[in-house]
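Counting starts at 1 for both ligands and their atoms, following the listed order. The basis for the numbers below is simple: all heavy atoms, side chains too, and nothing from hydrogens, waters or symmetry mates. We're numbering straight along the sequence, starting at 1.
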Amino acid sequence: MSDNLGLIQIGPTTDYSLNTLKGQVSEKFPRYKVETLEPIVEPAEAYDSFRDQYHSTRILVILEELVKTTHVELLLGVAPHDLYVPNMNFVFGEARCPGRAAVISTFRLKSQARSNPELFGSRVVKEAVHEIGHMQGLRHCTDPLCVMYFSERLSDTDRKHDFCAECGRNVMWLEVE
Ligand SMILES: [Zn+2]
Ligand SMILES: [Zn+2]
């Protein structure tokens with residue numbers, strides 16, 4: 001039996017198509033049937049006009065409500081907007097860990113990648129895989145090459161590659177529950 005994982009655009013589409021991401025995520029997580037859901041508008045209540053950023057936790061609350069009304073088990077939002085949580089200048093994404101909702105932002109992933117769509121795309125996939133790992137219960141990993149390493153800056157994301165052996169095993173283990 002396969003579980004369903006939904007990808008949902010939040011606000012205007014970015015240069016990175018959800019269909020491309022769908023293919024990449026399907027390869028990484030064969031357990032899931034990945035699909036794209038109808039896009040939603042960015043939630044006004046998550047917007048901080050002083051910071052000109054969206055509060056990612058508030059978006060998670062909305063996605064958690066939304067996912068209950070769908071047939072998917074997990075829901076990953078993709079937003080072009082810059083995200084933050086209090087006490088941090090920004091975040092690349094946030095997820096319930098474990099849980100059913102996560103969000104990533106493509107806002108900062110374009111830096112120095114405007115003429116390099118492959119680099120941009122690989123960053124989007126890494127952030128998506130990272131947040132999906134969190135939804136499955138994986139915590140941050142201390143291996144800087146592991147996709148579950150916490151990205152504080154873009155160079156962290158670019159250095160990351162895939163699940164380390166241990167996180168990979170944990171993902172496998174979580175898959176056979
Ligand atoms: Zn994380
Ligand atoms: Zn790891």
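Taking 2.8 Å as the threshold, C97 does not count as a candidate ligand of the Zn ion (ligand 1), since none of its N, O or S atoms lies below it.
Each of D82, N89, D48 was evaluated against Q53; a single residue qualifies, D82, per the side chain to side chain donor-acceptor pair (under 3.5 Å) test.
Taking the side chain as every heavy atom from C-beta outward, V78 and I8 never approach each other to under 4.5 Å. P43 is listed as a side-chain neighbour of I10, based on a closest heavy-atom distance under 4.5 Å.
Ion pairing of R96 with E64 is present here, as a side-chain N (NZ or NE/NH1/NH2) and a carboxylate O approach within less than 4.0 Å.
H134 contributes NE2 and H130 contributes NE2; the angle these two atoms make at the Zn ion (ligand 1) is 100°, rounded to 10°. The Zn ion (ligand 2) forms the vertex of an angle spanning SG of C164 and SG of C146; to the nearest 10 degrees it equals 110°.
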